[in-house]
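To start, the structure itself, in structure tokens.
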Amino acid sequence: MNLPPPICDSSLHDIRVLDGGMASELEYLGAHIDGPLWSAHVLEDAPEKILAVHSAYIAAGAQCIETASYQVSRMGYIECGLTAQRADVALLHSVSLARTAVSAFPGRQVLIAVSLGPYGAALHNGAEYHGNYDCTSEQLVAFHRERIEILAGLNGQEVLAFETLPSLAEARAIGEALSTWPDLPTWFSFTCRDARYVAHGELLRDCAAYVSTLPQTIAIGINCTQPSLILPLIHELRSTSTKPIVVYPNSGEGWDVQTRTWTGISDPVAYGVKAAEWFAAGAQMVGGCCRTRPAHIREVAEAAAQAESQSAPS
Ligand SMILES: [Zn+2]
């Protein structure tokens with residue numbers, strides 16, 4: 001069988017709309033995501049719910065969907081008393097579920113991005129939001145390499161999406177882990193604490209400058225960050241890189257550590273207004289992270305259509 005050519009920077013040219021949050025949407029569908037493996041449990045327990053989330057996002061206008069694999073790793077599975085092999089199977093299963101969902105929309109071109117959380121996500125203690133890990137750099141490289149090795153067999157038909165990255169050190173570890181596979185299309189997306197710095201404290205522009213040098217990088221992004229910070233962060237990325245930019249912030253609600261609840265409001269229409277600003281500032285793809293839903297993505301799709309019509313030659 002002849003495979004289509006691997007995805008590259010220019011494959012993203014017509015893709016403007018990414019999907020929204022997976023875990024919170026699974027919760028709305030009644031799935032239990034409060035275990036240590038978060039939404040990864042659902043891959044084994046209720047795969048039909050993952051299919052339903054993918055389908056809802058494609059129906060809302062997503063041109064790129066992310067697999068439900070953010071928290072799938074050998075380390076995380078072994079800590080839960082499961083085998084490394086089971087983690088590998090789950091990772092590939094998440095890709096086949098996304099492919100199944102896409103195949104139900106025969107008239108649509110939908111790119112699949114394999115969601116790969118940072119080392120901190122596998123620790124399930126919130127460490128991805130500060131990036132101070134208690135591990136050696138060799139361990140960090142090995143953690144990422146184990147998943148890349150499994151996904152290298154996909155022949156570049158899906159994008160590897162390393163996301164919620166808190167630090168330059170973790171981006172460098174992934175760069176090293178990827179070095180055996182220079183042709184694997186990859187995006188790097190960082191979580192930021194303010195309008196200039198990633199969660200661990202390095203300048204976003206320094207992180208972007210580094211990942212731009214990697215042969216695998218087809219896009220650079222920001223996710224799991226307050227939407228109010230996205231506009232200045234896009235300018236930071238633009239100041240240092242010409243790579244396509246992908247942004248998928250949280251809904252705008254805040255997590256209250258004291259009461260362990262979400263606060264504030266999440267208004268899909270307001271999110272769409274912001275998405276229009278992000279497109280105008282140079283974002284290639286816009287989606288959503290925590291607490292965003294298909295209603296947000298519908299508004300993003302509308303903003304994308306407007307951005308296209310404004311840029312079309314008259
Ligand atoms: Zn998030």
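Just so you know, ligand 1 is whichever comes first in the structure, and atom 1 is the first atom listed for that ligand.
No hydrogens or angles considered: nothing links the side chains of Arg172 and Ser137 as a donor-acceptor pair under 3.5 Å. Between the side chains of Ser266 and His296, at least one donor N or O sits under 3.5 Å from an acceptor N or O. Counting only N and O atoms by type, the side chains of Ser167 and Glu202 include no donor and acceptor under 3.5 Å apart.
The Zn ion (ligand 1) has no N, O or S atom of Tyr248 inside 2.8 Å of it.
Ring geometry for Tyr119 versus Tyr133: interplanar angle of 30 to 60°, hence tilted.
Considering the Zn ion (ligand 1) as centre, the angle to SG of Cys290 and to SG of Cys289 is 130° (10° rounding). Rounded to 10°, the angle formed at the Zn ion (ligand 1) by Asn250 OD1 and Cys224 SG is 100°.
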